[in-house]
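Convention: sequence-line order gives letters A, B, ...; per-chain numbering from 1.
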Amino acid sequence: SQQGEEDPQALSIQEGENATMNCSYKTSINNLQWYRQNSGRGLVHLILIRSNEREKHSGRLRVTLDTSKKSSSLLITASRAADTASYFCATATGGGADGLTFGKGTHLIIQP
Amino acid sequence: NAGVTQTPKFQVLKTGQSMTLQCAQDMNHNSMYWYRQDPGMGLRLIYYSASEGTTDKGEVPNGYNVSRLNKREFSLRLESAAPSQTSVYFCASSGSRREKLFFGSGTQLSVL
């Protein structure tokens with residue numbers, strides 16, 4: 001079953017604009033992670049935010065986490081054509097099976 | 001650094017045939033994972049291995065077997081392939097459970 005669900009499913013913006021995508025999840029988490037996947041490639045880890053953190057930055061990326069609403073957002077500022085990719089949120093729960101549970105992803109297209 | 005290496009990159013099987021997907025990591029990670037990615041479904045965990053000598057089922061283990069040959073290698077076997085197993089398969093590893101995952105480049109498998 002899907003733990004995380006990204007919104008929107010697809011997003012197209014102009015180069016230089018900011019891109020925001022959201023993730024909602026169902027059960028309590030230990031941490032939440034965001035990954036990027038370029039077409040035909042494997043996933044690449046972007047950022048991890050723990051359940052006791054509210055905001056985290058990495059370069060042009062800003063991630064927020066609201067555990068009361070069970071949601072997270074990923075903001076990419078000053079987008080570039082190279083940011084065109086699919087973005088996935090993944091959650092880690094405290095118990096049960098190991099591994100991360102991934103959402104279905106947001107496909108981001110940056111128009112030059 | 002090679003990271004996570006998967007072979008083969010592409011494979012076409014007939015229904016009922018068997019095959020093994022190979023995965024090796026050179027980062028001395030304890031945990032290794034097999035995921036499948038289907039259009040519109042995100043990634044789903046098939047099996048994982050938290051340490052050498054241990055394996056556990058994930059969300060979608062039916063029709064698959066795994067072997068953790070040593071700390072570096074984690075293979076996935078399809079004993080009797082079915083069209084429903086047509087998918088892209090990703091191997092991943094991590095140094096700590098439920099932390100950052102490193103992915104291979106994937107195996108695109110078609111079962112006719």
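- No more than 12 heavy atoms of other residues, nucleotides or ligands sit less than 6.0 Å from atom CZ of A/Arg80.
- A chain of hydrophobic side-chain contacts below 4.5 Å, direct or via other Ile, Leu, Val, Met, Phe, Trp or Tyr residues, connects B/Val60 to B/Met19.
- Heavy atoms of B/Tyr35 lying under 4.5 Å from chain A belong exclusively to its side chain.
- Looking at heavy atoms from C-beta onward, B/Glu99 lies in side-chain contact with A/Leu48 at the 4.5 angstrom threshold.
- In this structure, A/Gln37 and B/Phe90 approach most closely via the heavy-atom pair NE2-CZ, 3.4 Å.
- Hydrophobic clustering (ILVMFWY, side-chain heavy atoms < 4.5 Å, transitive): B/Leu101 and B/Ile46 are in distinct clusters.
- The environment of B/Glu73 atom CD is dense: over 12 non-hydrogen atoms of other residues, nucleotides or ligands sit within 6.0 angstrom.
- When hydrophobic clusters are built by joining Ile, Leu, Val, Met, Phe, Trp and Tyr residues whose side-chain heavy atoms come closer than 4.5 Å, directly or via intermediates, B/Phe102 is not grouped with B/Phe74.
- Separating the CZ atom in A/Phe102 from the CZ atom in B/Arg44 is a distance of 13.5 Å, to the nearest 0.5 Å.
- By the criterion of side-chain heavy atoms lying less than 4.5 angstrom apart, applied directly or through intervening Ile, Leu, Val, Met, Phe, Trp or Tyr residues, B/Tyr47 is not grouped with B/Phe103; the two fall into different hydrophobic clusters.
- Atom CZ of A/Arg60 has more than 12 neighbouring heavy atoms from other residues, nucleotides or ligands inside a 6.0 Å radius.
- Within the 3.5 Å criterion, the main-chain N or O of B/Arg98 finds no donor-acceptor partner in the side chain of A/Asn30.
- Neither the backbone nor the side chain of A/Gln9 comes within contact range of chain B; no heavy atoms are under 4.5 Å apart.
- Between atom CG of residue A/Leu43 and atom CG of residue B/Leu43 there is a gap of 5.5 Å, rounded to the nearest 0.5 Å.
- With a 4.5 Å cut-off on non-hydrogen atoms, B/Ser31 touches chain A through its side chain but not through its backbone.
- Looking only at side-chain heavy atoms (C-beta outward), A/Leu100 and B/Leu45 stay at 4.5 Å or farther from each other.
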